Trainee: 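First the structure, which I've put down as C-alpha cells, then a few questions once you've had a look.
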Amino acid sequence: MLYTTFAHLLILCNLSAFGQIYFEKQIIVSSFLNDLNKEQYAAVTAPDGPSMVIAGAGSGKTRVLTYRIAYLLNKGVDPFNVLALTFTNKAAREMKERIIKLIGNGDARNVWMGTFHSVFARILRFDGSHLGYPSNFTIYDSDDSKRLIRQIIKDKDLDNKTYNPSYVRARISMAKSSLILPDNYGSDAEIMATDTAARKPLISEIYAAYNNRLRRANAMDFDDLLLNTYLLFNNFGEVLYKWQRRFQHILVDEYQDTNHVQYMIIKKLASNNEHVYVVGDDAQSIYSFRGANIQNMLNFKSDYPDYKLFKLQQNYRSTKTIVEAANKIIANNKEQIKKTVWTDKEKGQKIGLVRATSDSEEGNLTAGSIFEIKMREQQPNSAFAVLYRTNAQSRSIEEALRKRNIPYRIYGGLSFYQRKEIKDLLAYFRLVINNNDEDALQRAINTPARGIGKTTMERVMVAADQHNISLWEVINNVEKFNLGINSGAMRKLAAFATMIKSFEVVVKNKDAFDAAQHIAIASGLLKMYKDDDAIESMSKVENIEELLNSIKDFSEKGAEQAEGDLEGQGTFHEFMQNVALLTDADDDDDENNDKVILMTIHAAKGLEFPYVFVVGMEENLFPSMQSVSTRTDLEEERRLFYVAVTRAMKKVTLSYAETRYRWGEFTVGEPSRFLEEVDEDLLDIPKKASVGRERDFRQSEKSTTSPPMHFQKRNLKPVENNSQSFEASNTSDLQVGMQVVHPKFGTGKVVAIEGTGPNKKAAVFFPVVGQKKLLLRFAKLKVL
DNA sequence: TCCGATCTATTTTTT
DNA sequence: ATAGATCGGA
C-alpha cells in the first residue's frame, strides 16, 4: 500500500505515557543506556546546552539520536516540547519506530518528528497567514516549478536554450536557500556577475515573475517552505516566540546536509535556550548541489562557543576491510574534520572488482553474483543492494535481475507521484483544494479533451495577467471579462468551473475515498485512460486505482487513530496537504519486502546492507563529468563514493563497464579514478606486477594471469553478444586508412589516430553506425 | 481544435 | 532511447 506511512509523515508520537510506574521507568532507562558504548553514552546524556555529535559512518548515529530523545523524555521533558528534524520521511519513521521499541508506544503523540519540509509546511499552514498565505496553499514540486518557469521564459520571449528552465530553477532555488529574495537578487553583485558571465542576466526578472505567479496561485515551492518559515520567524517576533516555547529541544539529523535557510531557522528557533542537538558526519555531506553547506558544521563552534562536542568513531556496521578501504578513500579529501573510524569486527572479504565489457554485461555479472551469493550463503534478496550514480543506470541491472527472476525494488527515478496519470488526477484534487493552483488548472482543464484549446487558454492567461488575478478567477467569472473568445469556448470554460465547484461539494460531504473516486470518474479522466487501448494505458488505469486505494487506506487508518489527535481524521484535505512532499521511498509494501534494492547512492545514505554492489565505476559517470573540474565538486563525489562503500556490512563489489549505452549511443569509458584510491591489498583483483601508477585492471585484457575463481566463473557466464569469442588484433601500430572489424559496429575504416600510450584513440568510420572514437586500450578491433 | 509527425532535450544527485 | 513539446495539415 502506497500510503501506509502517510499518517506518519509528521510523526507525532506521544511518548509521555511510557513508564507510568516510576520503578518500571528506572529499569527501562538503565537497561537502555546499557546498550551504549562510552562515547554514545556521553553523547546521549549530554547536558541541555548546544551539542554536536560527529558520527562516523555506521557508528550508531540514529541510535544516539533516538536514545537522546528517550533520555530527555525520561528526564521529564514534555514530549510536546521536542522537535526532531530529519532529511527523509523514512528516517523520521524509522526513528519513531525505534523510540517506540525503546520505551513503548503512547497514545497521544507529541514529539514532532519529520523532515524539514514537512514540519515547516505544517507550521506555515498554522501561521502562514501572517505572510498572506491561506492555510490551503499548494506545494509545487520541482516539476511544477519547472513548468511554471518554462512558461514565464516563454511569456518573456526569452530563448529557452539560453534560459534553460532547469538551470534557472536551480539558480532561483540557490537564491531562496540563501535567503535572497527577488529584490536583492538583482542587486547582489556576485550573483549578477555569475549570471552575466553565463549570459543569463535576466534571471532576476524571471525570479520576480516566478514568485509573483506562485503567489497568485497560492502556491509555495520546496524552497519557499523553508524561506517562508524563516521570514515568518524573522518578521513576526510573537510567532517565533510561540514556536520557541513549543520547541524547547531541537534535534537535527544529518546536520552536514543543512543549507543556509535551514541553518538560520534552527538558529532562530534555538536562540532562547540553545537546546540544540545536532548529529552529522562531514564525510557524508553529499547535497551541496542543493545548497547544503558543511560550513554549518564547522561554524557550530563559533555559533555556540560553550558547545559540547562528541565524536563517535567506532563503526558497528562493516568489516575491517570495508572500514579501512573507506578511510583510505576519504583521506584523499582535504576538507574534513579529523576523525578515525575504526571497528573491532572481523577482517571479512576483500572488496570485489569486476570489469565488464558493456553495461549489459555489468548487469549480468552483478545479477549472477547476487544469485551465487544468495545460494551459497543462503541470503535473502533484501541482503543485496545495487547502488549507482545516476538513475538511468538502473535499466541494465533491472533487465539482468528480471532475466534471473530475482525480485527487486527500485527507488527513485520516475516516482509514482511523477507519473503523468497520477499528476493528472492529483491536478483535479489540487484544484478542488486550491482553486488558484494554476499548474493544476492548466493540467486539468483539457485532460481529458474538452475542446478548451491553446487559443482559449492564451486569452484567459492574458486576462489573468492584466488584472493580476488567477486563471481560476477569470474562468469562474468568464462573462465579466472581455476575452474575445466565442460563446462555445465560454460555455466550455464555465462548464469546467461548474464541475470543479461540484467536486468541492462532494469533498465536503463524502469521505476521502468516495470523493476521490467520484472525481476520477466524473472528470472523465479514468474513462479517458480506460478507453485508450494503447498498452501503457492499462498500467495507467492500474496506477490511478492504486492511488485511489491508497486514499481509501489513508482514510480508514486516519479514522482509527482520530481520537483526540490534531491530525489523522483521514480527510481528503489532510491527504492532500503533504502529497507533494511524498516520495516513493515513503511507501512500504509490507507484503513482500524480500527484494534486491536498487537505488542511487544519494538515496542510500543512512541505510545499510550486507552486500553492496556499486556499479558504473567509470570516469565521467562516477565521478560525474560535471564534477571533475573543481576540487570542491570532486571532493563531494568522493564523499559520495565513501557513502556508497560504507553502506556495506559484509562485502562491497565495485564494477565498471568498458562500454556503456548512454545518450542513445555507445560510449567508451575508462575505469574511475576512485578505483585507484582503494587500497590494493583490500581489493580482490588478479595479482601481477604493477606498471607505474597503472593498475592491473587498467591494463589490456590480454592478461595472462588467471583471475580469482569467482571472477573467472562469472566471466564464463554466457553473454549473448559475441564479444567473448571475437579475436582482437594487436592495435599498437594501427594506421590511418586501415580497415578494421569491431564486434558490435562491424567493418570500418580508421580515419584518425590521436593520443599516445594507454590513451591512444582511433576515430573509425563504420558505415553502419557512423564515426566512433575508440580507446584502443579497450576497443576490440581486428585489423583486416 | 485535433491528431499525427517531427523535433528536442534529457542524464547528477532530491525534499 | 524516449518522452514531451512543437508544428503542420485536416
Side-chain angles (χ1 to χ4, degrees), chain A residues 9 85-92 114-121 139-147 150-151 154 160-161 164-167 169-170 173 176-177 220-226 254 257-259 261-262 285-292 387-396 411-415 417-420 423 446 448-457 485-486 488-489 492 536 578-586 599-605 616 620-628 633 636-637 639-641 643-644 660-667:
Chain A
L9 188 67
L85 295 167
T86 62
F87 255 77
T88 60
N89 296 313
K90 203 175 171 190
T115 64
F116 282 88
H117 290 85
S118 62
V119 166
F120 297 154
I139 298 169
Y140 275 15
D141 69 16
S142 328
D143 274 353
D144 303 334
S145 305
K146 215 191 279 181
R147 272 164 60 102
R150 182 173 287 127
Q151 225 175 69
K154 210 172 166 186
N160 74 349
K161 265 178 211 144
N164 174 303
S166 304
Y167 180 88
R169 202 197 68 83
S173 173
K176 284 186 176 180
S177 47
M220 295 194 201
D221 65 17
F222 284 151
D223 300 301
D224 285 336
L225 295 175
L226 307 177
E254 311 278 15
D257 283 329
T258 50
N259 62 27
V261 213
Q262 290 167 327
S285 162
I286 53 174
Y287 282 101
S288 73
F289 69 92
R290 182 171 111 182
L387 307 182
Y388 34 78
R389 179 67 239 264
T390 67
N391 283 305
Q393 286 166 257
S394 69
R395 245 184 87 156
S396 54
Y411 286 85
L414 226 212
S415 92
Y417 305 94
Q418 290 173 306
R419 286 164 210 253
K420 191 178 172 302
K423 284 226 141 192
N446 207 27
R450 300 193 171 87
I452 302 172
K454 218 170 93 184
T455 325
T456 309
M457 281 312 286
I485 53 176
N486 62 38
K492 287 171 190 162
E536 320 88 76
N578 283 297
V579 153
L581 298 175
L582 284 183
T583 60
D584 262 8
D586 297 327
M599 56 169 79
T600 63
I601 302 167
H602 281 89
K605 197 176 64 156
N620 296 330
L621 181 59
F622 191 20
S624 88
M625 209 184 309
Q626 292 84 332
S627 63
V628 293
D633 286 348
E636 174 144 325
E637 293 284 303
R639 290 193 294 271
L640 196 55
F641 184 38
V643 168
R660 181 174 294 279
Y661 217 48
R662 284 225 276 175
W663 329 95
E665 60 175 9
F666 274 101
T667 54

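Not measured: the values here are computed from a predicted model. Throughout, protein chains are lettered first and strands after them, A, B, ... in sequence-line order, and every chain is numbered starting at 1. The figures here come from the full heavy-atom set of this structure, side chains too, leaving out hydrogens, waters and symmetry mates.
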Trainee: For the atom pair CD (A/Glu637) and CD1 (A/Ile601), what is the distance rounded to the nearest 0.5 Å?
Mentor: 8.5 Å
Trainee: Distance check needed: B/dT15 P versus A/Asp141 CG, whole Å only.
Mentor: 11 Å
Trainee: Figure out the CZ/P separation between A/Arg290 and B/dT12, and round it to whole Å.
Mentor: 17 Å
Trainee: What contact category does A/Asp633 fall into here, base, sugar-phosphate, or nothing, at under 4.0 angstrom with non-hydrogen atoms?
Mentor: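 It contacts nothing in the nucleic acid.
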Trainee: Would you mind reading off the distance between A/Ile286 atom CD1 and B/dT12 atom P, rounded to a whole angstrom?
Mentor: 16 Å
Trainee: A/Leu640 CG to B/dT14 C1': how many Å, rounded?
Mentor: 12 Å
Trainee: Quick check: on DNA chain B, is the nucleotide nearest A/Thr455 upstream (toward 5') of the one nearest A/His117, or the reverse? Name the residue that is more 5'.
Mentor: A/Thr455
Trainee: Taking for each residue the nucleotide of DNA chain B with the nearest heavy atom, is it A/Tyr287 or A/Gly453 whose nucleotide lies nearer the 5' end?
Mentor: A/Gly453
Trainee: Under a 3.5 Å distance rule, please check whether A/Asn446 uses its side chain to pair with a backbone N or O of A/Arg450 as donor and acceptor.
Mentor: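 Looks like yes, one N/O pair under 3.5 Å.
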Trainee: Which atom pairs link the protein and nucleotides 3-6 of chain B when you take only N or O atoms and keep those under 3.5 Å?
Mentor:
none

Trainee: Give, for atom CD of A/Glu636 and atom OG of A/Ser624, the distance between the pair rounded to the nearest 0.5 Å.
Mentor: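 If I round to the nearest 0.5 Å, the distance is 10.0 Å.
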Trainee: Kindly determine whether A/Thr115 and A/Phe87 satisfy side chain to side chain contact (heavy atoms under 4.5 Å, CB included), including the steps that lead there.
Mentor: CA-CA 5 Å; A/Thr115 64; A/Phe87 255 77; over 6 Å; no
Trainee: Do side-chain atoms of A/Ser177 reach the backbone of A/Ser173 as a donor and acceptor pair under 3.5 angstrom?
Mentor: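 Such a contact is found between A/Ser177 side chain and A/Ser173 backbone.
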Trainee: Rounded to whole angstroms, how far apart are CZ on A/Phe289 and C1' on B/dT14?
Mentor: 5 Å
Trainee: Inspect the contact between A/Lys176 and A/Asp221 and indicate whether a charged nitrogen and a carboxylate oxygen are less than 4.0 angstrom apart.
Mentor: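 A salt bridge links A/Asp221 with A/Lys176.
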Trainee: Measure CG/A/Asp143 against C1'/B/dT10 and give the value in whole Å, please.
Mentor: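 Going from A/Asp143 (CG) to B/dT10 (C1'), I get 13 Å.
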Trainee: Between A/Asp144 and A/Lys423, does any NZ, NE, NH1 or NH2 come within less than 4.0 Å of an OD or OE carboxylate oxygen?
Mentor: yes
Trainee: When the distance from CZ of A/Arg389 to P of B/dT12 is rounded to whole Å, what number comes out?
Mentor: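 My rounded result for the distance is 9 Å.
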Trainee: Could you state the atom-to-atom distance from NZ of A/Lys146 to C1' of B/dT12 in whole Å?
Mentor: 12 Å
Trainee: Is the phosphate of B/dT13 approached by A/Asn391 (side-chain N or O, under 4.0 Å from OP1 or OP2)?
Mentor: yes
Trainee: Considering every strand and a 4.0 Å limit on heavy-atom distances, what is the contact class for A/Asn164: base, sugar-phosphate, or nothing?
Mentor: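 Counting heavy atoms under 4.0 Å across all strands, the contact made by A/Asn164 is with sugar-phosphate only.
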Trainee: Looking at the side chain of A/Thr600, which of B/dT15, B/dT14, B/dT12 is the nearest nucleotide?
Mentor: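 Nucleotide nearest to A/Thr600's side chain: B/dT14.
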Trainee: Working note: A/His117 + A/Leu226, criterion side chain to side chain contact (heavy atoms under 4.5 Å, CB included); need CA distance, chi angles, decisive distance, verdict.
Mentor: CA-CA 7 Å; A/His117 290 85; A/Leu226 307 177; 3.8 Å; yes
Trainee: Of all residues at least two apart in sequence or in a different chain, which pass the ring-ring contact (aromatic ring centres under 6.0 Å, His included) check with A/His602?
Mentor: A/Tyr287, A/Phe289
Trainee: Please confirm whether the shortest side-chain N or O distance from A/Thr456 to OP1 or OP2 of B/dT1 is below 4.0 Å.
Mentor: yes
Trainee: Side chain to side chain contact (heavy atoms under 4.5 Å, CB included) for A/Tyr140 and A/Asp224? Distances and angles first, verdict last.
Mentor: CA-CA 10 Å; A/Tyr140 275 15; A/Asp224 285 336; over 6 Å; no
Trainee: Determine: side-chain N/O of A/Asn446 to OP1/OP2 of B/dC2, distance under 4.0 Å, yes or no.
Mentor: yes
Trainee: Can you pull every protein N or O that's under 3.5 Å from an N or O on nucleotides 1-8 of chain C?
Mentor:
from: C/dA1; atom 1: OP1; to: A/Tyr661; atom 2: OH; distance (Å): 3.2
from: C/dT2; atom 1: OP1; to: A/Arg395; atom 2: NH1; distance (Å): 3.4

Trainee: Hey, is A/Phe87 stacking on B/dT15? Ring centres under 5.5 Å, planes under 30°.
Mentor: no
Trainee: For B/dT14, take OP1 and OP2 only and decide whether either is under 4.0 Å from a side-chain N or O of A/Thr88.
Mentor: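 For B/dT14, neither OP1 nor OP2 has a side-chain N or O of A/Thr88 closer than 4.0 Å.
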Trainee: Side-chain donor or acceptor of A/Ser142 under 3.5 Å from a matching atom on the base of B/dT15?
Mentor: yes
